[in-house]
Amino acid sequence: MNFALTEEQTAIRDTFHRFAASEVRPTAADLDTNPRFPSELFKRAGEMGFFGMRYPEPFGSGLDVQSYLLAVEELSWGNLAVAAACTMQSLMGTWFLHRFGSDDVQQRLLVPALRGDLVATICMTEPDAGSDLGAITTRAERDGDRWLISGSKTFITSAPAADFFTVFARTGERELSWLLVEKGAAGLKVGRDIKKMGVKASLTAEVFFDRTPATCLFGEPGMGMGCLREILAEIRLMTAALALGVARAAFEDARAYADERQQFGRPIRKFQAVGHHLAEMAVDLQAARQLVQWAAWRSEQGLENATEASMAKLFASEAGHRVCDRAARILASYGYATDHPIERYLRDIRFTLIGGGTSEILRVNIAKGLF
């Protein structure tokens with residue numbers, strides 16, 4: 001295993017870092033104070049080819065998992081909320097259209113979505129079904145040659161801005177399936193915007209279906225869980241990369257502050273307690289990066305990767321939270337003040353402890369994978 005970046009991977013990382021530094025990061029505080037869908041940045045990400053990185057030609061550039069994760073990390077370094085909205089579009093929101101969509105659906109919805117002209121999302125979570133997706137109650141019933149969906153979803157990323165929805169629903173007593181619903185469909189209602197402690201510009205809402213006609217069924221009835229497993233490992237690696245990005249931003253800010261802040265006539269980095277915080281942060285970041293790179297390498301080699309991706313996501317999100325907490329400790333009162341981004345990092349990073357599978361459910365999955 002050689003994790004040294006290729007010239008192409010380095011160029012991708014640097015390109016998205018420049019974008020994050022010059023366009024994403026300068027808007028982060030305002031988007032947190034005045035939450036709204038980051039339309040302009042979203043469109044720019046599409047123009048840069050981010051949404052099509054994991055899809056082969058003619059839809060995208062067909063880049064490797066590591067290249068994609070590098071871009072994700074840089075976007076998150078700029079602003080986790082913007083990165084969350086963009087990653088929803090680049091993977092979960094569009095994957096089923098690419099995998100199962102007809103030529104009409106792909107040309108009418110997928111192609112403009114990958115350009116950033118349309119917004120996509122996926123509807124899984126329900127009020128009583130989060131980690132236990134087998135407990136969902138949203139149903140899709142046949143009505144002649146179409147499917148009608150009834151039920152509700154919650155915590156749906158980008159729902160207020162979405163042009164189409166990939167919906168997880170029960171199509172039979174034991175059948176779970178994925179269906180496509182387009183904005184404007186009868187009986188479709190996007191409910192209240194759910195207020196959150198962090199990632200505020202990644203809008204989250206309830207979605208309701210009242211005998212809403214689906215545009216199409218993706219694949220065959222009952223393929224729902226199997227299809228989800230096809231992309232679940234990559235979803236978890238993507239979430240790990242999101243955690244790495246914001247944690248790296250916190251570490252860099254804390255390191256710079258520790259070098260500049262003077263107490264008792266010397267920089268606080270020279271005090272052992274602060275130095276130990278920085279050392280632990282650096283170890284957490286490096287260990288998380290190695291786990292993510294290892295799991296990404298396994299994916300590229302076509303090796304079984306479910307347990308390894310869960311390990312990477314679990315460690316990166318937990319380590320990222322530790323890093324942000326230590327950064328706030330180093331800045332002390334400034335780390336608690338809203339005029340410094342450290343407190344936003346600390347609020348935002350908690351999203352990665354939940355998205356892509358909670359730490360608790362990941363530990364269950366890893367334990368099962370051991371046997």
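Atoms considered below: every heavy atom in the structure, side chains included; atoms not considered: hydrogens, waters and symmetry mates.
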What donor-acceptor contacts under 3.5 angstrom involve side-chain atoms of residues 218-230, with partners at least two apart or in another chain?
residue: E230; atom: OE1; partner: R99; partner atom: NE; Å: 3.2
residue: E230; atom: OE2; partner: R99; partner atom: NH2; Å: 3.1

**OP:** Report the relative orientation of the aromatic rings in F100 and F96; use parallel for angles under 30°, tilted for 30 to 60°, perpendicular for over 60°.
**Re:** parallel
**OP:** Considering non-hydrogen atoms only, spot the tightest contact between A71 and I12 and give its length.
**Re:** CB-CG2, 4.3 Å
**OP:** Run the numbers on D259 and R255 for salt bridge (charged side-chain N to carboxylate O under 4.0 Å, His left out), then give the verdict.
**Re:** CA-CA 6 Å; D259 194 38; R255 183 178 58 186; over 6 Å; no
**OP:** Grab the two heavy atoms, one from P213 and one from L148, that are nearest each other, plus how far apart they are.
**Re:** CA-CD2, 3.7 Å
Subject >> Heavy-atom closest pair, residues L118 and F42 >> reply: O-CE2, 4.0 Å
**OP:** Could you check if a side-chain atom of L70 sits within less than 4.5 angstrom of a side-chain atom of L5, using non-hydrogen atoms only?
**Re:** yes
Show which side-chain atoms of residues 349-362 pair as donor or acceptor with protein atoms under 3.5 Å away, not counting sequence neighbours.
residue: R350; atom: NH1; partner: H321; partner atom: NE2; Å: 3.2
residue: T352; atom: OG1; partner: I349; partner atom: O; Å: 2.7
residue: T358; atom: OG1; partner: I361; partner atom: N; Å: 3.2
residue: S359; atom: OG; partner: E318; partner atom: OE2; Å: 2.7

**OP:** Grab the two heavy atoms, one from A250 and one from V323, that are nearest each other, plus how far apart they are.
**Re:** CB-CG1, 4.5 Å
Subject >> Exceeds 12 heavy-atom contacts within 6.0 angstrom, atom OH of Y336 >> reply: no
Original post:
Within a radius of less than 6.0 Å around CD of E40, do more than 12 heavy atoms belonging to other residues, nucleotides or ligands occur?
Top reply: no
Original post:
Minimum heavy-atom separation for V119 to S158, with atom names?
Top reply: CG1-CB, 4.1 Å
Subject >> Residue pair T157 / A84: nearest heavy atoms and the distance that separates them >> reply: CG2-O, 4.5 Å
**OP:** Could you walk me through whether D30 and R36 pass the salt bridge (charged side-chain N to carboxylate O under 4.0 Å, His left out) test, one step at a time?
**Re:** CA-CA 10 Å; D30 181 57; R36 60 195 182 277; 2.6 Å; yes
**OP:** Verify the ring-centre separation between Y68 and Y55: is it less than 6.0 angstrom?
**Re:** no
Original post:
Does a donor on one side chain and an acceptor on the other come within less than 3.5 Å for T137 and E126?
Top reply: yes
**OP:** Assess whether atom CG of N34 is packed by more than 12 heavy atoms of other residues, nucleotides or ligands within 6.0 Å.
**Re:** yes
Original post:
Which one of V111, L97, T94 satisfies the side-chain contact (heavy atoms from CB on, under 4.5 Å) criterion with F59?
Top reply: V111
Only pairs under 3.5 Å count here: list side-chain donor-acceptor contacts from residues 271-286, not counting sequence neighbours, and write none if there are none.
residue: H277; atom: ND1; partner: R326; partner atom: NH1; Å: 2.7
residue: D284; atom: OD1; partner: R322; partner atom: NH2; Å: 2.9
residue: D284; atom: OD2; partner: R322; partner atom: NE; Å: 3.0

